[in-house]
Amino acid sequence: MKRCIRYLPIAIFLLLATFGESADRQQNSDSKREVWEALQNYETAFIKRDVAALEKIWADDSVFVNASGEALTKEQNLANIKSGATELDTMIEEDGTMVRVYQNSAVTTTPVTMKGQYSGRHVNGLYRSTLFWVKGPAGWQLVCDQLTALPPK
């Protein structure tokens with residue numbers, strides 16, 4: 001009996017650690033699902049040029065680095081969308097999207113085939129979109145978006 005009592009703290013510790021790990025996994029899973037939804041909402045709003053939705057999705061201090069390497073503020077990005085300087089005819093999400101969540105931040109990488117224009121410059125081909133998200137009082141918001149041209153397959 002004494003032997004069982006001696007191992008009781010270890011058993012309790014392992015049991016609590018397992019429950020804690022399960023809770024962390026569940027929270028990470030919920031956050032990952034939320035980021036996936038935020039990504040889908042962003043892509044839809046961008047294609048539709050839904051300025052009101054984009055104003056909520058982009059954090060006030062967000063930065064967009066387009067395929068030409070130009071860094072644009074939220075205001076510049078919105079102005080390009082409003083004027084038609086940034087407008088996509090098509091955006092097809094290819095296989096290989098990755099979502100990684102780190103507490104209240106996340107990174108998504110998505111290969112996309114796009115046709116249209118960014119900042120008045122023609123885009124047509126395969127790109128990798130790397131998005132950095134932060135979860136705050138308004139939910140998941142985009143703080144940085146980098147678009148990189150990929151070589152043709």
Side-chain angles (χ1 to χ4, degrees), residues 14-153:
L14 291 173
L15 187 61
L16 290 174
T18 302
F19 282 130
E21 188 176 309
S22 294
D24 287 346
R25 274 195 214 141
Q26 180 61 42
Q27 184 177 8
N28 191 32
S29 176
D30 291 345
S31 293
K32 199 171 192 177
R33 182 186 42 74
E34 291 170 2
V35 172
W36 271 102
E37 289 173 9
L39 176 61
Q40 295 304 313
N41 291 339
Y42 174 55
E43 290 174 350
T44 300
F46 200 89
I47 263 298
K48 291 182 175 181
R49 297 175 55 206
D50 184 345
V51 172
L54 292 171
E55 285 177 333
K56 293 176 186 174
I57 292 168
W58 285 324
D60 289 340
D61 59 350
S62 66
V63 175
F64 173 66
V65 181
N66 64 24
S68 300
E70 296 173 297
L72 304 172
T73 65
K74 176 181 180 175
E75 292 76 21
Q76 291 169 317
N77 216 1
L78 287 169
N80 279 343
I81 288 175
K82 290 175 185 176
S83 72
T86 295
E87 182 175 20
L88 294 180
D89 300 324
T90 59
M91 180 169 64
I92 302 166
E93 188 177 303
E94 304 293 341
D95 290 337
T97 297
M98 291 184 287
V99 177
R100 291 191 171 74
V101 176
Y102 308 93
Q103 295 176 352
N104 70 334
S105 60
V107 177
T108 59
T109 54
T110 308
V112 291
T113 300
M114 295 188 296
K115 183 176 181 181
Q117 61 182 11
Y118 268 106
S119 304
R121 293 197 174 114
H122 183 69
V123 292
N124 186 12
L126 183 61
Y127 298 84
R128 180 164 324 279
S129 174
T130 304
L131 308 174
F132 299 89
W133 302 86
V134 173
K135 187 174 186 178
W140 288 99
Q141 286 191 295
L142 194 52
V143 294
C144 186
D145 182 346
Q146 166 120 18
L147 193 63
T148 305
L150 298 176
K153 290 184 179 182

Show me the donor-acceptor pairs, under 3.5 Å and distance only, between side chains in residues 79-88 and residues at least two apart or in other chains.
from  : atom 1 : to     : atom 2 : distance (Å)
Asn80 : ND2    : Ser119 : OG     : 3.1
Ser83 : OG     : Ala79  : O      : 3.1
Ser83 : OG     : Asn80  : O      : 3.2
Ser83 : OG     : Ala85  : N      : 3.2
Thr86 : OG1    : Ser119 : N      : 2.9
Glu87 : OE2    : Arg49  : NH1    : 3.2

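- In summary, the side chains of Trp133 and Thr108 do present a donor paired with an acceptor at a separation below 3.5 Å, with no hydrogens or angles considered.
- Interatomic distance, OG of Ser129 versus CG of Leu39, reported as 7.5 Å (0.5 Å rounding).
- Residues Leu72 and Val63 are not in side-chain contact: their nearest non-hydrogen atoms beyond the backbone lie 4.5 Å or more apart.
- In this structure Thr148 satisfies the side chain to side chain contact (heavy atoms under 4.5 Å, CB included) test together with Gln146, sequence neighbours excluded.
- With sequence neighbours excluded, the residues satisfying side chain to side chain contact (heavy atoms under 4.5 Å, CB included) with Asn124 are Lys115, His122.
- Residues Thr109 and Thr97 fail the side-chain proximity criterion, which asks for heavy atoms closer than 4.5 Å.
- Looking at Gln40 and Thr44, their side chains never bring a donor and an acceptor atom within 3.5 Å of each other.
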Walk me through it: do Met114 and Leu147 pass the test side-chain contact (heavy atoms from CB on, under 4.5 Å)? CA-CA 11 Å; Met114 295 188 296; Leu147 193 63; 3.3 Å; yes
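- Side-chain contact between Asn77 and Trp58: present, with at least one pair of heavy atoms (C-beta onward) separated by less than 4.5 Å.
- Residue pairs that meet the salt bridge (Lys or Arg N to Asp or Glu O under 4.0 Å) test with at least one member in residues 57-76, sequence neighbours left out, are Asp60-Lys74, Glu70-Arg121.
- Scored by the ring-ring contact (aromatic ring centres under 6.0 Å, His included) test, Tyr118 finds Phe46, Phe64 as partners (sequence neighbours excluded).
- The minimum heavy-atom distance linking Leu54 with Leu78 is given by the pair CB-CD2, 4.2 Å.
- Glu43 is linked by a salt bridge (charged side-chain N to carboxylate O under 4.0 Å, His left out) to nothing, counting only residues two or more places apart in sequence or in another chain.
- Each ring-ring contact (aromatic ring centres under 6.0 Å, His included) pair with one or both residues in residues 87-114, not counting sequence neighbours, would appear here, but there are none.
- Legend: residues meeting side chain to side chain donor-acceptor pair (under 3.5 Å) with Thr113, ordered by chain and number and at least two apart, are Glu94.
- Contact between Ala67 and Tyr127 at its shortest, heavy atoms only, is CB-CE2, 3.7 Å.
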Side chains of residues 137-145: which donor-acceptor pairs under 3.5 Å do they make with residues two or more places apart or in other chains?
from   : atom 1 : to    : atom 2 : distance (Å)
Trp140 : NE1    : Glu34 : OE1    : 3.0
Gln141 : NE2    : Lys56 : O      : 2.8
Asp145 : OD2    : Tyr42 : OH     : 2.7

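- Scanning for side chain to side chain contact (heavy atoms under 4.5 Å, CB included) contacts around Glu37 gives Arg33, with sequence neighbours left out.
- Nearest heavy-atom pair, Asp95 versus Pro111, reported as atom, atom and distance to 0.1 Å: O-CG, 3.2 Å.
- Residue pairs that meet the salt bridge (Lys or Arg N to Asp or Glu O under 4.0 Å) test with at least one member in residues 96-109, sequence neighbours left out, do not exist here.
- You'll find the side chain of Leu126 stays beyond 4.5 Å of the side chain of Val112, heavy atoms only.
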